[in-house]
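Notes follow the structure.
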Amino acid sequence: MSAFPTTTGTGTGTGTGTGTAGTTAPAASLTSVFVRLKLSLLRNGLRQSGGRTVAYILSIVFGAVLAAALVLAFVLMRGSADADSVAILLMGALALSWTVMPLFIPSGDETLDPSRLVMLPLRPRPLVRALLVASLVGVGPVLTFVLALGAALSVAHGAAGTVLAVLAVPLTAVTCVALSRAVAAANIRLLTSRKGRDLALLSGLIIAVGMQLVNFGAQRLGQAGGLESLEPTTAVVGWLPPAAAIAAVDSAAQGDYVVAAVRLLLTAATLVALLYWWQRSLVRLMVEPDGSTIGAASDAGVRDRSDGTGLLGRFLPDGRTGAVMERSLRYLWRDPKTKAGAVTSLALGLIVPLVNALQGTGSIYWACFASGMLGMLMYNQFGQDTSAFWIVAQTISTTADAYAELRARALALLVITLPYAVFVTALTVGVLGEWPRLPEAVGLALGLLGAMLATGSVASAAFPYSIPQDSGYKNVAPGQGALAWISIFGGMLTAPLLCAPLIGATIYLHVSDQESLLWLLFPAGILYGALLVLAGLKVAAPRTARRLPEILAAVSKG
């Protein structure tokens, strides 16, 4: 049965109150109801904690300062030959951010999830209008409007340009918001699923990778001769809504009124198409069944796994070591937060050394960055188990049990981190064209990896903390932030100190012109890294067995 009744959609279907007999209270406007709902959600969210209120106020202050600075920069660029490129490309980047934002922050706004409205008697067209107006309430839309205003000011000249700017600025802001909401509605079932939450947790990775690519592109842009090289890109983006609206202002200012009209109409047509797509997505969402209403698949199609041995388990050793390794590797693959941390470490461990090598400013020692990122996966090993750690705790009664548990977890990480560290080191050395120094680089990288695993083992026992599972954006339970900082940064400072013998040997061989002996760092790094891991496990095991109740209480706090 359709969720959209045949009655008019000018109200919420419940009215605003009850009157006397024979009198019906006037229904409130659906748009005003949704605006008040948005404001209520915002106000109630800020009342939950003082920290959230402070963060929101700081975001407003930061957004206002950023907007004022950008508008001032746009005003100062008036009359510049490159003003159009900056304005149009900035609007294109802003529209792109609005497009991908709901894919990475699905729970950042309660109104992003229209499935909450399925049971209400609302028509799609009034619902889209109400949601659109409510979506314009917030820091993001206001900041977008201000940036569009600044971009239009930088390219608007003459009466025609000013008139087009008056139309283009609100059109740009509304199109950005409609684009975001249409994408969210079309993908809401994905975003509220486990895969969608995994995608959201990887947003930090996307941002980090994007920052590296922006840095690399900026350096290449400087080498290519400035903003003039962006003119071909500006010409293309200028026809892509909503940046086309700002490009229309520039065209009108230059006297090309036909092109200006076409670009403005193109943006308006895109807005209409987005609203129609949004409306169709709402209809499908509210009248079509999802996976929760469809019968389960036949049991005949389910594979028999009664033996309890998967493909992964066949390649691992028997006994406790293999069981713990398999559990740890499955965490890396299935647990959203563990997987996000692993993928982030793998990606950044490759991108940072490679980007520096491609820029010509890198060094083979940048490959050690991968070892540092990968080694951090060993930190807070028990915290990733959360409250389920009590099951593991039942199997630890002696120092030997604790040693076997930590050793198996370290071996599980080494299955991934060891070959990956060697791969990143070889790739960095290859890009730099310094193949004779490969043994030296690999030895140092593996030595640092061993030091990170050693300090991670000790930190897991000494400074455990809980990882909240009810939030996709909190990695530390309230009140345990100091433990997390001490654990991570203490290890980052201690690990290089533990590698001092390898670093000193490297410096000595270079200074004394004995570079022919640098290959010895390869076996030395492997042996020294292995000894550090064993030493770290020996130190962490008795502490783990002795502090087991405290560890269990700490990791179960969230």
Main-chain N/O of [Y] paired with [X] side-chain donor or acceptor, under 3.5 Å:
X: R409; Y: Q381; result: yes
X: S180; Y: T99; result: no
X: N380; Y: Y465; result: yes
X: T321; Y: P317; result: no
X: K339; Y: Y331; result: no

For [X] against [Y], the heavy-atom pair lying closest together:
X: R320; Y: T395; result: NH1-O, 2.9 Å
X: V424; Y: P353; result: CG1-CG, 4.2 Å
X: V555; Y: P464; result: CG1-CB, 4.0 Å
X: V237; Y: G92; result: CG1-CA, 4.1 Å
X: V137; Y: K38; result: O-NZ, 2.9 Å
X: V431; Y: A357; result: CG1-CB, 3.7 Å

How far apart are the C-alpha atoms of W98 and V183, what are their side-chain angles, what is the distance that settles it, and do they pass the side-chain contact (heavy atoms from CB on, under 4.5 Å) test? CA-CA 9 Å; W98 274 100; V183 171; over 6 Å; no

Is it true that E515 and R437 make a salt bridge, defined as a side-chain N closer than 4.0 Å to a carboxylate O?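 No.
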
I'd like to check [X] versus [Y] (side-chain heavy atoms, cut-off strictly below 4.5 Å). Are they in contact?
X: V392; Y: F382; result: no
X: V422; Y: L446; result: yes
X: F145; Y: C176; result: no
X: L427; Y: L350; result: yes
X: Q514; Y: Y508; result: yes
X: H510; Y: E440; result: yes
X: T425; Y: T428; result: no
X: T417; Y: M452; result: no

In chain order, what residues pass the side chain to side chain contact (heavy atoms under 4.5 Å, CB included) check against S516, with sequence neighbours excluded?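 If we apply the side chain to side chain contact (heavy atoms under 4.5 Å, CB included) test to S516, skipping adjacent residues, there are no hits.
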
Supply the atom-to-atom distance [X] [atom1] to [Y] [atom2], rounded to the nearest 0.5 angstrom.
X: S328; Y: L377; atom1: OG; atom2: CG; value: 11.5 Å
X: L94; Y: T144; atom1: CG; atom2: OG1; value: 4.5 Å
X: I503; Y: C499; atom1: CD1; atom2: SG; value: 6.0 Å
X: L329; Y: I416; atom1: CG; atom2: CD1; value: 5.5 Å
X: L414; Y: L374; atom1: CG; atom2: CG; value: 10.5 Å
X: L406; Y: D401; atom1: CG; atom2: CG; value: 11.0 Å

side-chain contact (heavy atoms from CB on, under 4.5 Å) for F74 and V86? Distances and angles first, verdict last. CA-CA 9 Å; F74 277 128; V86 175; 4.0 Å; yes

Quick one: do I60 and I57 satisfy side-chain contact (heavy atoms from CB on, under 4.5 Å)? Show the steps, please. CA-CA 5 Å; I60 293 178; I57 294 176; 5.6 Å; no

Would you tabulate the side-chain donor-acceptor contacts of residues 526-553 under 3.5 Å, counting partners in other chains and residues two or more places apart, or write 'none'?
residue	atom	partner	partner atom	Å
Y528	OH	L498	O	2.5
T544	OG1	A540	O	2.8
R547	NH1	A461	O	2.5

Any side-chain hydrogen bond (donor to acceptor under 3.5 Å, both in side chains) involving residues 451-464? Give me the pairs, sequence neighbours left out, ordered by first then second residue.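 Matches after skipping sequence neighbours: Y379-T455.
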
Using a cut-off of 6.0 Å, state whether more than 12 heavy atoms not belonging to F522 lie near its atom CZ.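 For F522, atom CZ is not crowded (no more than 12 foreign heavy atoms under 6.0 Å).
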
Could you walk me through whether F463 and V458 pass the side-chain contact (heavy atoms from CB on, under 4.5 Å) check? CA-CA 8 Å; F463 306 106; V458 177; over 6 Å; no

